[in-house]
Every structure is written in structure tokens, then in C-alpha cells.
> 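Let me give you the structure first, and then I'll get to my questions.
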Amino acid sequence: MLAIQALRELGGAASVKEKLANALLLRGRSLCNVGLDGDFPELEATEAFDQAEPTLEEAALIREELGDPGLAEAVMAIGYLFYCKANCGFNHDML
């Protein structure tokens, strides 16, 4: 939410918002994969998932605000997060 607020205060151009949404989406998906794979010792799966959720939600909000046709991709990424959380919890009793 901080990124959206900063862009609003600066009067950020749509292209800047699009780039931010893309970067947030990439970060969120990467965190999902780290949580699912568990191959990053400095970050536990639950922490990765906890960081991914607001990141992906922010990407979806930006895309919704822009009327971006990529909104569905952001919503699907949120679904992927919950899939990863469920799979991780089922397989490892971590969540």
C-alpha cells in the first residue's frame, strides 16, 4: 500500500505504475516459489508467504486502478499463493 500512496502523492504516470505492478507481481511470485521450495535458508516458508500476500495484493490493486487487462494475472498469482501455502502445509505441516 505504501507504493500506491507514494505514486499518488507524486502523481505517478501510468507507465511507472505499470512497471511497479509488474515488479511487485514478480516479487510476489518469487516469494511463493521460495516458500514452496524451501531452498532459501534465510527465509522460512511462512515468512515468504506472509511477504508475498501484501505484495501480490498491491500489484492487483494497481492493475485494477489502471484498468489493466493484466488484472487477471495478478488475481491468479494470489490464487497461486494460496495453492503454495496449502501444498506446503499439507506436505510439511508448516502452516
> Over all heavy atoms of both residues, which pair between Ala48 and Leu43 is shortest? Give the atoms and the distance, please.
CB-CD2, 3.8 Å
> For Glu47, what residues pass the salt bridge (Lys or Arg N to Asp or Glu O under 4.0 Å) criterion, not counting sequence neighbours?
none
> Is it the case that one hydrophobic cluster holds both Phe82 and Met76, taking links as side-chain heavy atoms less than 4.5 Å apart, direct or via other members?
no
> Locate the shortest heavy-atom distance separating Leu81 from Ala52; write the atom from each residue and the value.
CD1-CB, 4.0 Å
> Got a list of side-chain donor-acceptor pairs under 3.5 Å for residues 20-35, not counting sequence neighbours?
residue, atom, partner, partner atom, Å
Asn22, OD1, Arg63, NH2, 2.5
Asn22, ND2, Glu18, O, 3.3
Arg27, NH1, Thr55, OG1, 2.9
Arg27, NH2, Gln51, OE1, 3.3
Arg29, NH2, Glu73, OE2, 2.5
Ser30, OG, Leu26, O, 2.9
Asn33, OD1, Tyr80, OH, 2.6
Asn33, ND2, Arg29, O, 3.4

> Apart from Leu71 itself, which Ile, Leu, Val, Met, Phe, Trp or Tyr residues share its cluster (side-chain heavy atoms under 4.5 Å, direct or through members)?
Val75
> Do the side chains of Leu36 and Phe40 join up, straight or via other hydrophobic residues, at under 4.5 Å, putting them in one cluster?
no
> Look up atom NZ in Lys17 and atom CG in Leu61, then write down how far apart they are to the nearest 0.5 Å.
11.5 Å
